[in-house]
Amino acid sequence: MASNRKITSLVADWFGLHARALPWRRTVRGRRDPYVSLVSEIMLQQTQVSRVLERFDGFIDRFPTAQALADAPEEAVLGAWSGLGYYRRARSLQAAARVICEDHGGRVPRDLDDLIALPGVGRYTAGAICSIVFGQPVPIVDGNVVRVLARLDGIDGPPDHARSWARADELAQQAKTPALFNEGLMELGATVCTPRNPRCGDCPLKTHCKAHAACTQEQIPSPKPKSKRQVLHASSMVAIDGRGRVLVEQRPADGLWGGLWQVPTVERASKAVGLRELRDLFPCRSIGRVSAFRFDTTHREVRFVVYKAIGVRAGGGRQWMTRRGLSQLGVSNAQRRVLDAVGIELDSCVRSGT
DNA sequence: AAGGCGGGGCA
DNA sequence: TGCCCAGCCTT
């Protein structure tokens, strides 16, 4: 049985050789920018690196400091977050920036409890900042770490978070450089000890891994119990005025796509709203069905029907918006599909440096 | 403890 | 099609 110290040094040394060059890993005089790291950690919550890469530099260019983020209008933040999903993260991140500016002098706090007190920051994210940015010997556990540690110790069954935290804590405390060990453990899970087809031949822990010894790495951990997706019927009405503007409304702050903008849309759980009721809700001169499509998320199957209407008036919280204006706001990818169905393509706000 | 919350890529 | 991803918050 290898010592914890041996395990941690193997991982840290491996990371030193194989770390990917990711934008949030840039350093100035050997230090990472804590604010930049915080943004990256929030973006990376339940979101793959490849997806974050598409948005990260643009977001940092636009909001380069906690103060800049705190001072920005909320719709600009949601606009920069468009397409990333889990939009509450964007609001929470800005709220965190405001706390940082008001309570911590504009500096990301170093204290674990201060970090956890920030909105949108839980034990994982706080631990990541503490250890990776500030070098403190605190553990972090994400989906990668759960998997790597379960395989290393040959723990069968569904993901056991309590055990993973205990094990990660013991390792982080004994690591020579907790920053390199923690980030290396995640990197290992992301690039070598992957859910499927792990590349055990390239793993620095292969001679210490119980799953590898027993050839059970593919079965560990066992899949999480699945929850069934709810079906939602959405009827979206696209209306365009004489100047080419689009009629839009803002969704409620909470729930699915909270706070994002959309063309007038009615949602029903059981069946799609009928055309007659649709006309009652959206009075117009004429309306016609354009197309339909399915939009799947992890938790929902949304069946969209797209209508195009003529002779609609604004009001009831709905307003005419230019396409350029709309592209600056938060718009879900589902609504981009709706607009695409009538030939409207929003400017991407993914571009960086503009 | 469980459920809600996006979106895309991959087997 | 099902599963997973640098999780967090609410109930």
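Quick note on labels: first sequence line is chain A, next is B, and so on, each numbered from 1. FYI, side chains are in, hydrogens and waters are out, and symmetry mates aren't considered; it's all heavy atoms of this structure. Being a predicted model, the structure only gives us computed values, none of them experimental.
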Is it true that the NZ or CZ of A:Arg337 lies under 6.0 Å from the centre of A:Phe304's six-membered ring and within 45 degrees of the ring axis? no
From CZ (A:Arg318) to CE (A:Met237), nearest 0.5 Å: 6.5 Å
With a non-hydrogen cut-off below 4.0 angstrom, is A:Thr125 in contact with a base, only sugar-phosphate, or nothing? sugar-phosphate
Using the C1' atom on both, measure C:dA6 against B:dA11 and round to a whole Å. 23 Å
Considering residues at least two apart in sequence or located in another chain, which fulfil the side-chain contact (heavy atoms from CB on, under 4.5 Å) criterion with A:Val148? A:Leu185, A:Leu188, A:Cys193
4.5 Å side-chain heavy-atom contact, A:Leu247 and A:Met321: no
What nucleic acid atoms does A:Arg25 come within less than 4.0 Å of, heavy atoms only: base, sugar-phosphate, or nothing? base
Please answer whether the main-chain N or O of A:Arg20 pairs with a side-chain N or O of A:Glu187 as donor and acceptor at a distance below 3.5 Å. yes
Determine the Euclidean distance between corresponding C1' atoms of C:dC5 and B:dA1; express it in Å to zero decimal places. 22 Å
Any donor and acceptor pair, going by atom type alone, linking the side chain of A:Ser82 with main-chain N or O of A:Val331 inside 3.5 Å? yes
When you measure from the side chain of A:Arg88 to the backbone N and O of A:Gly258, does any donor-acceptor pair fall under 3.5 Å? no
Need two values: the first and the last nucleotide of DNA chain C, 5' to 3', having an atom under 4.0 Å from any heavy-atom of chain A. C:dT1 to C:dC9
Given the C1' atoms of B:dG6 and C:dC4, what is the spacing between them in whole Å? 13 Å
Could you say whether A:Val121 or A:Trp24 is positioned toward the 5' end of DNA chain C, judged by the nucleotide with the nearest heavy atom to each? A:Trp24
Comparing A:Gly120 with A:Leu44, nearest DNA chain C nucleotide closer to 5' gives the residue A:Leu44
Would you kindly check if the NZ (Lys) or CZ (Arg) of A:Arg243 is within the cone defined by 45 degrees around the ring axis of A:Trp320 and under 6.0 Å from the six-membered ring centre? no
What string of B, S and - do you get for nucleotides 3-11 of chain B, 5' to 3', if B is base contact, S is sugar-phosphate-only contact and - is no contact with any protein heavy atom under 4.0 Å? -BBBBBS--
If I take atom CG from residue A:Leu38 and atom OG1 from residue A:Thr125, how far apart are they, to the nearest 0.5 angstrom? 8.0 Å
What's A:Val52 touching, base or sugar-phosphate or nothing? Going by heavy atoms closer than 4.0 Å. nothing
Over all strands shown, is A:Trp81 touching base, sugar-phosphate only, or nothing at heavy-atom distances under 4.0 angstrom? nothing
